[in-house]
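Written out below as structure tokens is the structure these notes cover.
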Amino acid sequence: MNRNGPPSLKLRTGKQKYMNKYNPKKIEAKWQKHWTKNKIYNAKDSVKGKKNFYHLVMFPYPSGDLHIGHWYNFAPADVYARMKKMQGFNVMSPIGFDSFGLPAENAAIKRGIHPCEWTYKNIETMTKQLESMGNMYDWSRKIITSDPEYYKWTQWMFLQLYKKGLAYKKKAAANWCPKCHTVLANEQVIDGRCERCESEVIQRNIEQWLFRITKYADRLLKDLDKVDWPEKTKIMQKNWIGKSEGALIKFEIRSTKSETNTKYKILNTKYFLEVFTTRADTIFGCTYVVVAPEHKIISNLKSQISNLNEVNKYIKESGHKLEKERLTENKQKTGVEIKGIKAVNPATSKEVPIFVADYVLGHYGTGAIMAVPAYDERDLEFAQKFNLAIIKAPLVLQDEIIKKLGAQKIINYKLRDWLVSRQRYWGAPIPIVYCPKCGAVAVPEKDLPVLLPKVKDYLPTEEGKSPLAHSKDFVNTKCPKCKDLAERETDTMDTFVCSSWYYLRYTDPKNKHKPFDKLRVKKWLPVDMYVGGAEHTVLHLLYSRFFTKALKDLGPPAGGLNFDEPFMALRHQGTILGSDGQKMSKSRGNVVDPDELVKNFGTDVVRMYLCFMAEYSQGGPWNPTGIMGISRFLERVWKLQCRLSHSRRLCDSRLLHKTIKKITEDIENFKFNTAVSSLMILVNEMEKNKELRIKNYELLLKLISPFAPHLAEELWFQLGNKKSIFLSAWPKYDPKKTKEETINFVVQINGKMRDIFEIPPGISQKEARVLTLKRQNVKKWIGGKTVKRVIFIPNKLINIVI
RNA sequence: GCCGAAGUGGCGGAAUUGGCAUACGCGCACGACUUAAAAUCGUGUGGAGAAAUCCAUGAGGGUUCAAAUCCCUCCUUCGGCACCA
């Protein structure tokens with residue numbers, strides 16, 4: 001250890017020049033090796049006398065390059081984890097790779113390399129990059145979601161959900177990306193476009209697998225109260241789940257055979273059209289009703305509809321529309337009246353026309369609405385276009401009318417079931433076999449994993465089938481039940497399925513018999529602190545919460561978890577922009593390369609600058625010269641060693657205690673920028689004295705160690721310590737010493753600051769007044785005028801109103 | 001359109017139960033060291049003014065002894081949702 005430097009700093013005091021130079025490259029490599037060798041960051045499942053603390057960052061996708069955004073997520077998070085460790089927690093901070101999924105595949109296709117090779121090569125590169133950060137990861141728990149040892153259990157999870165009816169297959173319109181050749185979950189469609197390639201998404205009828213997340217809508221909403229998450233994120237999830245309370249109201253249908261006959265009659269078998277509304281109070285103003293194109297009334301009553309051809313033509317046209325067209329801003333409302341039938345407004349008993357229009361959504365509520373143009377903008381627009389009656393009828397009491405009409409109160413959610421099948425190669429195969437006799441059969445658990453074959457032909461196809469469908473070896477199998485010839489499901493799972501349970505696997509990454517050991521999970525979960533991007537608000541974060549709840553409900557052996565929220569606390573990092581204030585992109589040429597920065601400044605400088613440069617949740621533009629400030633600062637910390645002495649002279653014990661308090665609280669609150677600033681103030685102060693007590697230097701090293709772990713460790717050992725600084729205790733402060741000895745007392749005249757002087761704490765208003773009025777400055781400002789009023793804030797200020 | 005966050009020196013940003021606006025850093029200027037430069041160290045640095053002082057936290061109003069902070073109206077930027085009845 002430390003063969004090149006002096007054996008110990010203890011003797012180097014006073015005039016002696018520091019002999020060794022701060023060489024980040026050398027010490028960073030040295031300590032990274034040392035930490036790995038001594039496994040100081042490997043977490044044991046329990047340590048006597050220590051509380052477990054599960055610290056988690058969102059695991060990266062192996063894109064092949066650890067960019068500055070990753071650094072901004074991981075480095076400050078590591079500062080937090082290191083402080084927790086030093087505060088005496090048994091911290092687990094694992095890392096892995098979310099390696100299945102569309103983007104890897106697209107990139108692989110672009111470069112003509114097999115997705116598998118591409119992915120694992122990237123994992124290798126990124127592992128090295130991650131190691132260069134010097135974070136306190138427990139590498140022994142590394143997981144890779146595309147490893148059969150991992151996706152075996154992803155498949156197992158699917159089967160548990162399937163057995164409980166939480167996974168099901170159905171044929172229905174789904175979001176289809178024509179470029180990626182796959183269906184997408186609702187959450188993956190942004191502005192009517194594919195979130196990956198930005199192609200316009202179209203609706204396509206395809207057989208697909210879904211998870212019944214809607215069953216958990218209410219709990220997903222309610223349990224948000226249990227977690228310490230950014231309010232913004234909670235609100236976004238709430239909006240996404242979209243709860244609304246309303247009523248189902250039945251409109252009876254009357255019909256006539258001919259268009260000229262104006263008399264409508266009740267049908268032989270009574271038929272009711274049910275609408276969902278949150279505004280039952282406006283029912284007297286309902287002048288027509290609208291059904292969605294896919295509403296079953298059209299086929300059910302087709303014999304009664306006199307303009308069936310026209311209606312069917314409209315339905316066909318609206319079905320061909322792009323999802324985007326249906327939702328754009330220049331949405332011109334379209335529709336067709338369904339002639340031959342009328343609906344009866346149950347409140348007024350009047351007959352109203354029925355329309356089919358695609359501004360009503362088939363999948364929400366009952367797919368039918370009562371239109372009240374006087375109280376609803378959308379209905380108004382439609383009514384104006386089609387010349388329909390607009391009646392501003394007085395509102396009635398909601399509850400009373402619901403009762404009177406015998407309507408049913410219900411709750412609706414915007415949330416839709418999670419579509420998990422993908423017609424792509426690079427994912428975990430869905431473990432289902434189709435048998436001509438037995439139908440869909442789950443692959444027995446003992447036969448898992450269903451291995452993803454390494455096929456040459458991994459390109460996606462337009463026909464709506466996974467590339468796996470071309471692999472006969474894969475498709476052809478035997479029915480697990482009757483042993484007859486059968487075929488495998490060829491779709492793979494959405495990568496978000498893999499990431500919905502990875503935080504559980506970290507507790508038991510090598511388990512061959514179970515996805516995880518329940519006791520181990522109990523020791524670590526729920527996650528104490530989760531740090532990652534806000535872009536996952538309605539995807540990963542919602543899905544993981546669903547998984548946790550489902551696993552809890554499933555009970556043993558699948559789950560039986562004793563918690564129903566996976567992440568108790570959550571923090572988001574902001575986005576780092578290029579120095580031009582724009583999003584970083586290769587075409588703009590404003591990309592910041594962290595490897596280059598590490599090469600030039602060292603990891604510690606990069607870590608600390610990321611902490612310092614902005615408010616963490618905010619982020620902001622990269623300032624290429626700002627990093628110099630941190631580089632200089634660490635250099636100065638290094639050089640402080642030439643001032644070391646055994647003298648009992650303290651730098652300023654109040655400042656020391658105040659700094660400990662400030663930094664501890666700032667890190668706890670993810671205010672890394674002001675924590676670094678406090679460190680700078682402390683160092684500025686220490687530099688003012690010629691001598692620095694070793695004890696105080698050690699304290700500084702501890703405070704700086706989460707930010708600049710390598711530098712702190714090096715200097716810590718140079719001082720003669722034999723154990724890692726990260727095994728030492730985080731400094732504590734004396735609350736008494738964080739208070740000022742004297743107070744800078746502010747004098748305001750008419751609310752403006754005119755004087756300031758020192759007072760001992762705790763003096764009374766009377767004393768303060770006397771002292772104040774004696775001051776020359778104050779006399780000048782009062783100038784013989786009458787004092788009308790005096791406001792005194794103890795230990796702060798006095799305001800004299802004249 | 002709806003929901004949310006934000007707007008402070010030349011720049012990144014501090015300051016929030018209302019109480020010294022601009023901490024800390026970058027940049028800049030001057031000085032020391034140097035043959036010189038870099039590095040380093042020191043001093044200064046919101047604007048106007050000779051000064052006393054005045055003016056400044058997106059704009060305009062308000063509440064208050066006192067407002068970056070609270071209220072109202074508006075503007076701008078960013079993030080999310082977007083025919084969900």
Side-chain angles (χ1 to χ4, degrees), chain A residues 190-192 230-240 242-244 246 275-280 282 286 289-290 292 326-329 331 333 357-372 375-379 381-382 412-416 534-535 537-538 572 574-575 577 579 581 583 609 612-615 617-630 632-633 635-636 639 671 673-684 687 744-756 780 788-793 795-802:
Chain A
I190 315 289
D191 268 339
E231 213 42 49
K232 186 188 148 176
T233 306
K234 287 193 192 182
I235 289 168
M236 274 169 66
Q237 279 212 0
K238 274 182 195 161
N239 292 343
W240 188 261
K243 178 179 180 171
S244 51
V275 302
F276 172 71
T277 181
T278 56
R279 292 296 307 274
T282 64
C286 164
V289 296
V290 190
R326 218 176 121 115
L327 297 171
T328 39
E329 309 94 59
K331 47 195 167 189
K333 291 207 170 33
D358 63 10
Y359 85 91
V360 171
L361 306 172
H363 59 77
Y364 185 76
T366 59
I369 61 152
M370 59 174 219
V372 189
Y375 293 103
D376 186 287
E377 258 180 61
R378 297 153 299 182
D379 296 344
E381 196 194 315
F382 190 81
N412 258 320
Y413 298 94
K414 285 187 197 173
L415 184 70
R416 291 162 75 178
E535 68 274 15
T537 297
V538 290
H572 297 305
T575 317
L577 304 168
S579 45
K583 254 190 184 163
Y609 181 58
F612 183 60
M613 64 171 277
E615 207 278 309
S617 64
Q618 202 94 18
W622 176 261
N623 178 348
T625 53
I627 195 167
M628 281 306 301
I630 298 293
R632 274 174 218 154
F633 174 67
E635 197 80 50
R636 280 162 57 208
K639 284 180 187 169
K671 293 189 153 193
N673 53 340
T674 47
V676 174
S677 154
S678 309
L679 277 168
M680 288 171 168
I681 292 168
L682 180 64
V683 168
N684 288 348
E687 277 182 340
N744 289 324
F745 192 64
V746 171
V747 182
Q748 292 184 343
I749 314 282
N750 284 346
K752 296 208 170 176
M753 211 270 275
R754 296 302 184 190
D755 200 4
I756 187 162
K780 189 183 89 190
K788 285 185 198 154
R789 204 175 153 188
V790 174
I791 288 118
F792 173 72
I793 310 293
N795 297 330
K796 264 194 183 146
L797 64 73
I798 191 163
N799 187 8
I800 295 165
V801 185
I802 52 171

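The chains referred to below are lettered A, B, ... by the order of the sequence lines, with proteins before strands, and numbering in each begins at 1.
- Considering only residues two or more places apart in sequence or on other chains, A/Tyr413 meets the ring pair (Phe, Tyr, Trp, His ring centres under 6.0 Å) condition with none of them.
- Taking the P atoms as reference points, B/G4 lies 13 Å from B/C71, given to the whole Å.
- For A/Met753, the side-chain atoms get nearest to B/C20 when compared with the rest of B/C20, B/C81, B/C3.
- We find that CZ of A/Phe612 is positioned 8 Å from P of B/C26, with the value rounded to whole Å.
- Regarding A/Arg636, its CZ atom lies at a distance of 11 Å from the P atom of B/C24, rounded to whole Å.
- In this structure, A/Lys232 reaches the sugar-phosphate backbone alone: every heavy-atom distance under 4.0 Å involves primed, P, OP1 or OP2 atoms, never a base.
- Dashed line: the shortest gap from a side-chain N or O of A/Arg632 to OP1 or OP2 of B/G25 is not under 4.0 Å.
- For the pair A/Gln618 CD and B/A5 P, the computed distance is 12 Å after rounding to whole Å.
- Taking the side chain of A/Thr625 as heavy atoms from C-beta on, and the options B/G19, B/A85, B/G27, the nearest nucleotide is B/G27.
- Between A/Ser244 and A/Met236, the residue anchored nearer the 5' end of RNA chain B, judged by the nucleotide with its closest heavy atom, is A/Met236.
- Applying the salt bridge (Lys or Arg N to Asp or Glu O under 4.0 Å) criterion to A/Arg636, with sequence neighbours excluded, gives A/Glu687.
- Remark: the A/Tyr359 side chain and the A/Asp379 side chain contain an N/O donor-acceptor pair separated by less than 3.5 Å.
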| request: Whenever both distances are under 3.5 Å in a Watson-Crick or G-U wobble pair, mark it; put RNA chain B into dot-bracket that way, with [ ] for crossing pairs and | when the partner is on another strand. | output: (((((((..(((......[....)))((((((.......))))))(((....)))..(((((..]....))))))))))))....

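- Heavy-atom distances to RNA chain B give each of A/Ile369 and A/Asn239 a nearest nucleotide, and the one nearer the 5′ end belongs to A/Asn239.
- OP1 and OP2 of B/G13 both lie 4.0 Å or more from every side-chain N or O belonging to A/Asn623.
- In this entry the distance linking CD of A/Glu231 with P of B/A6 reads 13 Å, nearest Å.
- With sequence neighbours excluded, no residue forms a salt bridge (Lys or Arg N to Asp or Glu O under 4.0 Å) with A/Arg754.
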All N/O pairs under 3.5 Å across the protein-nucleotides 68-71 of chain B interface:
none

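- A donor-acceptor pair under 3.5 Å is absent between the side-chain atoms of A/Asn239 and the main chain of A/Gly242, judged by distance alone.
- The interatomic distance linking A/Trp622 (CH2) with B/C11 (C1') rounds to 15 Å, in whole Å.
- With sequence neighbours left out, the side chain to side chain donor-acceptor pair (under 3.5 Å) criterion links A/Thr366 to no other residue.
- Across all strands shown, A/Asn684 has heavy atoms under 4.0 Å from sugar-phosphate atoms exclusively, and none from any base.
- In this structure, A/Glu615 reaches the sugar-phosphate backbone alone: every heavy-atom distance under 4.0 Å involves primed, P, OP1 or OP2 atoms, never a base.
- At the heavy-atom level, A/Gly619 lies under 4.0 Å from the strands shown only through sugar-phosphate atoms.
- For A/Glu635 and B/U40, the CD to C1' distance is 10 Å, given to the nearest whole Å.
- Between A/Arg789 and B/C65 there is a side-chain polar atom (N or O) within less than 4.0 angstrom of OP1 or OP2.
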Atom pairs, N/O to N/O, protein against nucleotides 50-56 of chain B, distance under 3.5 Å?
unit_1 : atom_1 : unit_2   : atom_2 : d
B/U53  : OP1    : A/Lys780 : NZ     : 3.0
B/C54  : OP1    : A/Arg754 : NH2    : 3.2
B/C54  : OP2    : A/Arg754 : NH1    : 3.1
B/C55  : OP2    : A/Lys752 : NZ     : 3.2

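- Across all strands, A/Leu797 comes closer than 4.0 Å to base atoms (heavy-atom distances).
- A/Lys583 is linked by a salt bridge (Lys or Arg N to Asp or Glu O under 4.0 Å) to nothing, counting only residues two or more places apart in sequence or in another chain.
- Distances were taken from every side-chain heavy atom of A/Phe276 (C-beta onward) to each of B/A85, B/C20, B/A23; the shortest belongs to B/A85.
- Taking atom P on both B/G12 and B/G1, the two are 29 Å apart, rounded to the nearest angstrom.
- Residue A/Asn673 places at least one side-chain N or O closer than 4.0 Å to OP1 or OP2 of B/A14.
- A donor-acceptor contact under 3.5 Å is not formed by the side chain of A/Glu377 with the base of B/G1.
- A/Phe276 and A/Tyr364 have perpendicular rings, their planes meeting at more than 60° on a 0 to 90° scale where under 30° would count as parallel.
- Taking atom NE2 of A/His363 as the reference point, atom C1' of B/C83 lies 10 Å away to the nearest angstrom.
- Applying the salt bridge (Lys or Arg N to Asp or Glu O under 4.0 Å) criterion to A/Glu635, with sequence neighbours excluded, gives no partner residue.
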| message | Determine whether A/Glu231 and A/Thr233 satisfy the following criterion, side-chain hydrogen bond (donor to acceptor under 3.5 Å, both in side chains), listing intermediate values before the conclusion. | response | CA-CA 5 Å; A/Glu231 213 42 49; A/Thr233 306; over 6 Å; no

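- For the side chain to side chain donor-acceptor pair (under 3.5 Å) test, residues two or more places apart in sequence or in another chain that qualify with A/Asp376 are A/Arg378.
- For A/Asp755, the side chain to side chain donor-acceptor pair (under 3.5 Å) partners at least two apart in sequence or on another chain are A/Arg775.
- Closest approach of A/Ile369 and A/Val275 over heavy atoms only: C-CG1, 3.5 Å.
- Following rounding to the nearest Å, A/Asn750 (CG) and B/U64 (P) show an atom-to-atom distance of 15 Å.
- When the P atom is used for both B/U22 and B/U73, the distance is 32 Å, rounded to whole Å.
- Side-chain atoms of A/Asn799 lie closest to B/C65 of the nucleotides B/C26, B/C65, B/C24.
- With hydrogens and angles left out, the side-chain atoms of A/Thr537 and A/Glu535 include no donor and acceptor closer than 3.5 Å.
- Nucleic acid contact class of A/Ile793 (heavy atoms, under 4.0 Å, all strands): base.
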Atom pairs, N/O to N/O, protein against nucleotides 16-18 of chain B, distance under 3.5 Å?
none

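- At B/A85, one or more side-chain N or O atoms of A/Tyr364 fall inside 4.0 Å of OP1 or OP2 (strictly under the cut-off).
- The side chain of A/Ala614 has B/G13 as its nearest neighbour among B/G13, B/A85, B/G25.
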